[in-house]
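A short worksheet on the structure shown next.
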Amino acid sequence: IEALALGQLALRGRTDAAPSARRALVRSRAVFDQLAKRDTSDIAFGFTERQLAFYEGDTYTNLGDPHHAEEGLSHALTLYSAHERIDRTLVRLDRATCKLQIGDPEQALAVGQEAIVDLPAEHRSDMLMHRARQLAAAVAQKHGELPAVREFREVLAAPSVRSPAAESIPPAE
């Protein structure tokens with residue numbers, strides 16, 4: 001959690017947070033490796049390997065380190081079952097951000113779009129749709145209003161993709 005928080009600070013421009021986030025990641029892995037099996041297998045009262053992999057990947061994504069992020073995110077996807085839709089979608093959206101970070105905006109949008117379109121309508125929460133819109137905004141900010149950005153936003157705005165609660169929320173600019 002400390003690494004996640006520091007990664008968020010780094011993402012928001014706090015350059016002093018990045019080294020601390022990296023140290024927190026190293027500590028978290030060391031502590032996790034010492035935990036008893038009962039503490040790493042209980043989803044509700046423990047902390048699982050898949051959570052750690054997701055948090056590591058998310059933190060590295062926020063630090064702008066797509067190569068380390070991809071390691072954690074790829075590992076996380078192997079640990080989450082197909083039925084755990086929300087976390088898997090967050091992982092996939094982070095992977096899309098990694099594609100943007102390595103300079104492939106079209107692939108970033110394709111990965112992000114696939115993550116949302118693959119998600120059943122009842123699981124398309126405002127949080128997930130917001131993350132998808134953030135991806136579109138980040139691509140547009142870095143690469144301009146590419147046709148792929150417009151297409152991605154159109155897919156997100158389509159009634160078959162939007163969550164019911166999002167109907168009254170205008171798309172991100």
Side-chain angles (χ1 to χ4, degrees), residues 1 3-13 18 21 25 48 50-173:
I1 301 297
L4 278 175
L6 289 165
Q8 284 290 323
L9 289 174
L11 181 64
R12 287 167 173 71
L25 284 169
T48 64
R50 66 186 183 194
Q51 289 171 300
L52 181 61
F54 172 34
Y55 285 14
E56 286 172 335
D58 189 56
T59 300
Y60 281 123
T61 300
N62 290 336
L63 294 175
D65 185 343
H67 302 293
H68 282 108
E70 185 60 36
E71 288 175 26
L73 297 169
S74 293
H75 183 57
L77 281 179
T78 68
L79 299 172
Y80 280 100
S81 77
H83 301 292
E84 295 170 296
R85 300 177 198 277
I86 294 172
D87 285 350
R88 285 183 59 84
T89 302
L90 288 169
V91 168
R92 292 172 73 190
L93 290 170
D94 272 352
R95 291 183 88 189
T97 299
C98 289
K99 299 293 185 196
L100 174 60
Q101 290 172 347
I102 61 172
D104 195 345
E106 286 85 7
Q107 187 62 28
L109 294 169
V111 169
Q113 180 172 324
E114 183 179 314
I116 295 298
V117 170
D118 286 351
L119 196 60
E122 65 270 16
H123 293 282
R124 294 182 187 138
S125 67
D126 290 340
M127 174 187 66
L128 293 175
M129 298 305 286
H130 178 73
R131 289 281 296 269
R133 288 189 298 272
Q134 283 180 317
L135 174 64
V139 170
Q141 180 181 9
K142 193 168 190 175
H143 296 279
E145 285 293 329
L146 304 171
V149 172
R150 286 189 295 281
E151 291 169 19
F152 183 72
R153 286 181 173 149
E154 287 172 10
V155 167
L156 294 179
S160 63
V161 175
R162 295 184 65 184
S163 66
E167 291 300 318
S168 62
I169 301 171
E173 292 290 326

Please enumerate all residues that pass side-chain contact (heavy atoms from CB on, under 4.5 Å) together with [X], with sequence neighbours excluded.
{"X": "A3", "result": "A24, L25, T59"}
{"X": "A18", "result": "A10, L63"}
{"X": "E154", "result": "none"}

Keeping R85 on the side-chain end and L119 on the backbone end, is there a donor-acceptor pair under 3.5 Å? no

Side chain of R88, backbone of H83: donor and acceptor closer than 3.5 Å? no

Apply side-chain contact (heavy atoms from CB on, under 4.5 Å) to R153 and E145, showing your working. CA-CA 11 Å; R153 286 181 173 149; E145 285 293 329; 3.0 Å; yes

Return the [atom1] to [atom2] distance between [X] and [Y], rounded to the nearest 0.5 Å.
{"X": "L4", "Y": "E56", "atom1": "CG", "atom2": "CD", "value": "10.0 Å"}
{"X": "D87", "Y": "F54", "atom1": "CG", "atom2": "CZ", "value": "5.5 Å"}
{"X": "L6", "Y": "L11", "atom1": "CG", "atom2": "CG", "value": "12.5 Å"}
{"X": "C98", "Y": "L93", "atom1": "SG", "atom2": "CG", "value": "11.0 Å"}

Report the C-alpha separation of Y60 and L73 in whole Å, then their side-chain angles, then the decisive distance to 0.1 Å, and conclude whether the side-chain contact (heavy atoms from CB on, under 4.5 Å) test is met. CA-CA 9 Å; Y60 281 123; L73 297 169; over 6 Å; no

Heavy-atom closest pair, residues [X] and [Y]:
{"X": "L79", "Y": "A53", "result": "CD1-CB, 4.5 Å"}
{"X": "N62", "Y": "Q8", "result": "ND2-NE2, 3.0 Å"}
{"X": "A136", "Y": "V149", "result": "O-CG1, 4.0 Å"}
{"X": "A21", "Y": "G7", "result": "CB-N, 4.0 Å"}
{"X": "L156", "Y": "M129", "result": "O-CE, 3.7 Å"}

Provide the full list of salt bridge (charged side-chain N to carboxylate O under 4.0 Å, His left out) pairs with a residue in residues 64-73, sequence neighbours left out, each pair given once. R22-D65, E70-R95

Residues that T78 engages under side chain to side chain donor-acceptor pair (under 3.5 Å), provided they are two or more places apart: none

Check: residues 103-113 side-chain donor-acceptor pairs under 3.5 Å, at least two apart:
residue, atom, partner, partner atom, Å
D104, OD1, Q107, N, 3.2

Taking side-chain contact (heavy atoms from CB on, under 4.5 Å) as the criterion, tell me which of T61, T97, I102 meets it with P66. I102

Would you please name every residue forming a ring-ring contact (aromatic ring centres under 6.0 Å, His included) with H75, sequence neighbours left out? none

List in chain and number order the residues that pass ring-ring contact (aromatic ring centres under 6.0 Å, His included) with Y80, two or more places apart in sequence or in another chain; answer none if no residue qualifies. none

Looking at residues at least two apart in the chain, or sitting in another chain, which of them share a salt bridge (charged side-chain N to carboxylate O under 4.0 Å, His left out) with R131? D58, D94

Applying salt bridge (charged side-chain N to carboxylate O under 4.0 Å, His left out), name anything that partners D118, two or more places apart in sequence or on another chain. R92

Give me each pair satisfying ring pair (Phe, Tyr, Trp, His ring centres under 6.0 Å) with a member in residues 130-158, each pair once, sequence neighbours excluded. none

Is the closest side-chain heavy-atom distance between I86 and M127 below 4.5 Å? yes

